[in-house]
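Heads up: the structure comes next, in structure tokens.
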Amino acid sequence: MSEVKERILGAVTIMSEQDAEKVWELIKSVFALSNAETDIPDSEELKILEAYHNGDPDYQASISQEQLLKELNL
């Protein structure tokens, strides 16, 4: 197993269940994004993307990348 995978497993074993859920959602989103180019968004997804790109606060991330990295001590 690579060092990165070992570090991920080590972090997961000591984090709270709530934090583990956040990490799982992040992992799922990475895989979804990697397949995004082949998926055609439906009309509801297009509305959500438009709201996000227009800065609608209901569709913005609840935590910044900088905050996430700080939470993960990276």
For a quick test of your reading: what N or O donor-acceptor pairs under 3.5 Å do the side chains of residues 51-63 make, sequence neighbours left out?
from : atom 1 : to  : atom 2 : distance (Å)
N54  : ND2    : E50 : O      : 3.2
D56  : OD1    : D58 : N      : 2.9
Q60  : NE2    : Y52 : O      : 3.0
Q60  : NE2    : D56 : O      : 3.1

same_hphob_cluster(W24, F31) at 4.5 Å side-chain heavy-atom cutoff: yes
Please list every donor-acceptor pair under 3.5 Å in which a side-chain atom of residues 1-11 meets a protein atom from a residue at least two apart or in another chain.
from : atom 1 : to : atom 2 : distance (Å)
S2   : OG     : K5 : N      : 3.2

Suppose the criterion is salt bridge (Lys or Arg N to Asp or Glu O under 4.0 Å): which pairs have a residue in residues 10-26, not counting sequence neighbours? D19-K22, E25-K28
For residues 64-71, dump all side-chain donor-acceptor pairs below 3.5 Å to protein atoms at least two apart in sequence or in another chain.
from : atom 1 : to  : atom 2 : distance (Å)
S64  : OG     : E66 : N      : 3.4
S64  : OG     : Q67 : N      : 3.0
S64  : OG     : Q67 : OE1    : 3.3
Q67  : OE1    : S64 : N      : 2.7

